[in-house]
Participant: 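The following block contains the structure, expressed as structure tokens.
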Amino acid sequence: MSCPEEQSLLKGPLLSRRTALHGSAVLAATSIAACSARAVDAEQLKPLPVAPTHAVTLRTTVNGRAIELEIDTRTSLLDLLRERLALTGAKKGCDHGQCGACTVHLDGRRVASCLTLAAKGEGRQVVTIEGLSDGATLHPMQQAFIDHDALQCGYCTPGQIMAAVACVAEGNATTKERIREYMSGNICRCGAYVGIVAAIEDAASKMRGA
Ligand code: FES
Ligand code: FES
């Protein structure tokens with residue numbers, strides 16, 4: 001129900017500037033009063049109990065190295081890798097499973113590590129871009145990305161390479177069209193897609209040969 005001042009604002013065919021300003025002030029005051037009332041209500045609410053920290057011991061293997069450490073059950077695999085293990089190759093792009101920049105392998109399958117709980121790595125093998133090369137020898141996919149200039153800023157590149165290796169292993173890198181389809185979860189904001197597809201085709205033939 002609007003107040004008389006508001007009704008006069010709504011009814012009158014012609015509003016004087018003075019009337020309009022007065023009406024705005026009334027509406028603003030009403031809103032502030034309503035907000036204050038809500039603030040009082042909020043203060044009267046009992047705060048929710050703070051959830052206890054759920055610490056668990058994680059035993060997993062990362063890039064061939066066995067690790068054991070205490071983690072919060074809510075920690076994402078991406079945060080574990082970047083914040084606790086200093087493996088910053090996997091990138092945090094969207095943190096919502098939409099860009100692929102955080103792609104790593106879990107037991108040989110590609111996963112978005114931002115959407116994967118670190119606790120899911122229990123007893124499993126995690127491989128990141130840092131663990132892909134064989135010592136100083138680059139993985140064929142890494143070399144192909146260099147050979148085909150398949151990057152510009154490089155931010156998406158670790159995720160692209162990890163996804164590409166999995167794409168080949170899945171048998172989905174047989175044609176340009178399939179590569180585009182099965183790599184569609186990895187976004188490149190620089191638009192280096194022509195080079196990326198060429199690199200994957202090239203590396204796929206070498207990996208199959210190997
Ligand atoms: Fe994980 Fe974008 S950061 S999908
Ligand atoms: Fe810049 Fe892909 S190279 S986002």
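As the structure lists them, so they are numbered: ligands from 1, and atoms in each ligand from 1.
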Participant: Heavy-atom contact under 4.0 Å between Gly154 and ligand 2?
Facilitator: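 Distance cut 4.0 Å: Gly154 passes for ligand 2.
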Participant: Between Leu58 and Thr75, is any pair of side-chain heavy atoms under 4.5 Å apart?
Facilitator: no
Participant: Which residue and atom name correspond to the protein heavy atom nearest atom 3 (S) of ligand 2, and how close is it?
Facilitator: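 The closest one turns out to be Gln152 N, 3.2 Å.
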Participant: List ligand 1 atoms under 4.0 Å from Gln98, heavy atoms only on the residue side.
Facilitator: 4 (S)
Participant: Does any N or O in the side chain of Arg82 come within less than 3.5 Å of the main-chain N or O of Ala90, such that one atom is a donor and the other an acceptor?
Facilitator: yes
Participant: Using the side-chain contact (heavy atoms from CB on, under 4.5 Å) definition, which of the options Thr128, Ile129, Val104 pairs with Asn63?
Facilitator: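 Result: among Thr128, Ile129, Val104, Thr128 is the only option passing the side-chain contact (heavy atoms from CB on, under 4.5 Å) with Asn63.
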Participant: State, to 0.1 Å, how close Cys188 and Tyr193 come at their nearest heavy-atom pair, and which atoms those are.
Facilitator: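 So the two residues come closest at N-OH, 2.7 Å.
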Participant: Is Ala192 touching ligand 2 with its side chain, its backbone, both, or neither, if touching means heavy atoms under 4.0 Å apart?
Facilitator: neither
Participant: With a cut-off of 2.8 Å, does Cys102 place any N/O/S atom under that distance from atom 2 (Fe) of ligand 1?
Facilitator: no
Participant: Relative to the heavy atoms of Arg189, which atoms of ligand 2 are at a distance of less than 4.0 Å?
Facilitator: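 The atoms of ligand 2 under 4.0 Å from a heavy atom of Arg189 are 4 (S).
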Participant: Could you tell me, atom by atom, which parts of ligand 1 come under 4.0 Å of a heavy atom of Cys94?
Facilitator: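 Selected atoms, number and element: 2 (Fe), 3 (S), 4 (S).
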Participant: Tell me whether the count of non-hydrogen atoms from other residues, nucleotides or ligands lying under 6.0 Å of CD in Gln152 goes above 12.
Facilitator: no
Participant: Taking both backbone and side-chain atoms into account, decide whether Cys114 has an N/O/S atom under 2.8 Å from atom 2 (Fe) of ligand 1.
Facilitator: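 Checking Cys114: none of its N, O or S atoms is under 2.8 Å.
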Participant: Numbering the atoms of ligand 1 from 1, which are under 4.0 Å from a heavy atom of Cys99?
Facilitator: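 Here the atoms of ligand 1 in question are 2 (Fe), 3 (S), 4 (S).
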Participant: In terms of atom number and element, which parts of ligand 1 are under 4.0 angstrom from non-hydrogen atoms of Asp95?
Facilitator: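 Once the distances to Asp95 are compared, the set is 2 (Fe), 3 (S).
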Participant: For ligand 1, which atoms have a heavy atom of Gly97 less than 4.0 angstrom away?
Facilitator: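 Those qualifying, in numeric order: 4 (S).
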Participant: Looking at Arg124, is its backbone amide N or carbonyl O close enough to the side chain of Thr60 to form a donor-acceptor pair, meaning the two atoms are under 3.5 Å apart?
Facilitator: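 Indeed, once roles are kept as given, a pair shorter than 3.5 Å links the two residues.
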Participant: Flag the pair Met207 / Val165 as yes when at least one side-chain heavy-atom distance between them is below 4.5 Å, and no otherwise.
Facilitator: yes
Participant: Side chain to side chain contact (heavy atoms under 4.5 Å, CB included) between Asp202 and Phe145: does it pass, once the steps are laid out?
Facilitator: CA-CA 9 Å; Asp202 182 9; Phe145 266 64; over 6 Å; no
Participant: To the nearest 10°, how many degrees is the angle Cys190 SG to atom 1 (Fe) of ligand 2 to Cys153 SG?
Facilitator: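 My answer is 100°, to the nearest 10°.
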